[in-house]
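Keep in mind the model is a prediction, meaning the values are calculated, not measured.
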Amino acid sequence: MQLDMTKGRPMPIIMRFFIPIFIGNMFQQFYNMVDSIIVGRFVGTEAFAAVGSTGTIMFLVLGFANGLATGFTVLTSQRFGAKDEKGIRQSVANAIFLSVIVSAVMTVFSMLSMKGLLHLLNTPSNIYLYAYDYIIIITGGTAAVCFYNLFSALLRAVGNSKAPLFFLILSATLNIFLDLLFIIVFKWEVRGAALATIASQAISAICCLIYILLKVKMLVPHRDEWRLKGSFAKRQLAIGFPMALQFGITASGTMIMQSAINRFGSDAIAGFNASSKVGGLLTQAFPALGQSMATYTGQNFGKQDIDRIHDGSHVALKISLVAALLGAGLALLLLKPAIPMFLGSNADIDAILPWARPYTYMSIIFYMPLGILFIYRDMMQGCGYGFLPMMGGVLELVARFTTAMLSMHFNSYLLGVAGDPAAWIITGIFDAIAYQYVIRDVKKKFAAKQEN
């Protein structure tokens, strides 16, 4: 069911769209955690550390491809807000063509450069083979992940956040089943976890495509529309490439941060990964809210209703404040019980917990700036502005690079895990200021169109 976000009170409209995305993001985190839990409990602590140590590479490769694919759908939401059905279909055809090219290039590039990236990250020798086996399969399935995210983003662009939730639940269920089959029954260790992830994403992508073909005809291009339209491609690339570069820049900073943490050994890696996974689960309201505001902003931008866009930002900030307070409280309660869940009862919890606590204690203080970062960044992208959000990504890189270099220089684990909080507060402030510029610029452009 499509949702027109250009009508009605912003709070209930945003919440109606936000809740399915939030639930879906939680499922995404849960089944990512299931990978880690099953690997940690049935393969071992070193395998758990290896899978966790590749998270930054996954974010770099898959985030870049998905940033492009998601950026391609911003135009779809704008055309939906403008009630331009032909424009919607043309934007979809363009997005699919461009995504084919992107996923192919990213797959080849990432697989060829993987050994070098793992060495660059200071991956400990005792977990290197596990890490390589896992990440080479994940990056080999870039197309499956990219197209699942593309089809889900297209549905959200026209206000449908419920169908992507259904397919994400399907993907999560399949992933758990395949994890158990491949790791416990077939004894494929970390390779089984990677294959389970890619297979579940591919099946969900196919199901999502079938749903679009049968139920959402406005997203199905006509035969004569299956071609690259230059003007559309230019606009989609102008939004998509900065979004992808922003993911890439952010991931590069996270890789530098991970490299600093890796120097402290496998216990430190396991502790940091466990705490970051708990934190990742409890902060899923923020990316869900960002995705919601991107669609809300895109549709209202297409309608040229700037006041409604601004009203929506106030609603999003209120939701973010509640999420930040709840997430911080739960993080403090759940950290210690979560570690045995990941690593099993035989793991040396007393050795790992001191490495897990610092990241949690530091990061919860800055959950609100993280929420602000997602809200304003995605709203700017919904208006079609890609450069300023990308510059926010540059600031994230600078913050993580600085703390990582200081960590290596002073041999300080605390400085290593300070990278995320430092990035959130600096970029949150920047994005809040940049959003004000974007809103003023959009007002001027709309006023100029009305005068003409």
Side-chain angles (χ1 to χ4, degrees), residues 22-23 25-56 59 127 254 257-258 260-288 320-371 373-374 400 403-404 407 412-425:
F22 172 63
I23 295 172
N25 283 1
M26 292 294 283
F27 267 97
Q28 180 91 41
Q29 288 297 308
F30 273 126
Y31 88 67
N32 287 342
M33 287 172 67
V34 166
D35 267 351
S36 300
I37 290 169
I38 294 176
V39 167
R41 292 177 72 90
F42 294 98
V43 185
T45 301
E46 289 186 351
F48 171 79
V51 170
S53 71
T54 64
T56 52
F59 185 70
I127 64 172
T254 308
M257 178 179 163
Q258 182 73 57
I261 291 166
N262 286 354
R263 292 165 62 94
F264 294 92
S266 57
D267 280 347
I269 297 170
F272 170 72
N273 289 335
S275 61
S276 62
K277 284 183 182 300
V278 172
L281 179 65
L282 297 175
T283 56
Q284 283 309 298
F286 304 134
S320 182
L321 177 60
V322 173
L325 293 174
L326 287 175
L330 289 171
L332 292 174
L333 290 172
L334 297 178
L335 177 63
K336 187 173 181 179
I339 293 177
M341 181 177 67
F342 285 115
L343 302 178
S345 57
N346 293 328
D348 188 353
I349 305 303
D350 291 334
I352 293 172
L353 191 58
W355 300 104
R357 283 182 175 137
Y359 178 78
T360 297
Y361 293 166
M362 248 187 281
S363 62
I364 60 175
I365 301 170
F366 299 102
Y367 277 178
M368 189 59 197
L370 177 62
L373 184 161
F374 275 106
R400 290 191 175 96
T403 55
S407 170
S412 169
Y413 178 75
L414 288 177
L415 283 170
V417 297
D420 278 347
W424 298 344
I425 190 166

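- With hydrogens and angles disregarded, a donor-acceptor distance shorter than 3.5 Å links the side chain of S407 to the backbone of S412.
- Taken to the nearest 0.5 Å, the CD1 atom of I352 stands 12.5 Å off from the CZ atom of R357.
- The CD1 atom of I364 lies 10.5 Å from the CG atom of L330; values are rounded to the nearest 0.5 Å.
- Within the model, atoms CD1 of I425 and CZ of F366 stand 4.5 Å from one another, a figure rounded to the nearest 0.5 Å.
- Put simply, the side chain of P287 reaches to within 4.5 Å of the side chain of N25, judged on heavy atoms.
- From T283, atom OG1 reaches atom CZ of F374 across 7.5 Å, with rounding to the nearest 0.5 Å.
- Put simply, the side chain of D420 does not reach to within 4.5 Å of the side chain of S363, judged on heavy atoms.
- Between V278 and T360 the shortest side-chain heavy-atom distance does not fall below 4.5 Å.
- With sequence neighbours left out, Y359 forms a ring-ring contact (aromatic ring centres under 6.0 Å, His included) with F272.
- Nearest heavy atoms, A323 versus F286: CB-CE2, 3.8 Å.
- Proximity of M368 to L321: side-chain heavy atoms (C-beta onward) are separated by under 4.5 Å at one or more points.
- Ring geometry for Y413 against F264 counts as perpendicular: the plane angle is over 60°, on a 0 to 90° scale with 30° as the lower cut.
- Atom-to-atom distance recorded for I261:CD1 and W355:CH2 is 10.5 Å, nearest 0.5 angstrom.
- Atoms CG and NZ, on L335 and K277 in that order, are 14.0 Å from each other to the nearest 0.5 Å.
- Between L334 and L281, every side-chain heavy-atom pair lies at or beyond the 4.5 Å cut-off.
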*Hey, mind stepping through M257 and T403 against side chain to side chain contact (heavy atoms under 4.5 Å, CB included) and telling me if it holds?*
CA-CA 8 Å; M257 178 179 163; T403 55; 5.7 Å; no

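- Among all heavy-atom pairs drawn from R400 and G419, the shortest one is CG-O, 3.6 Å.
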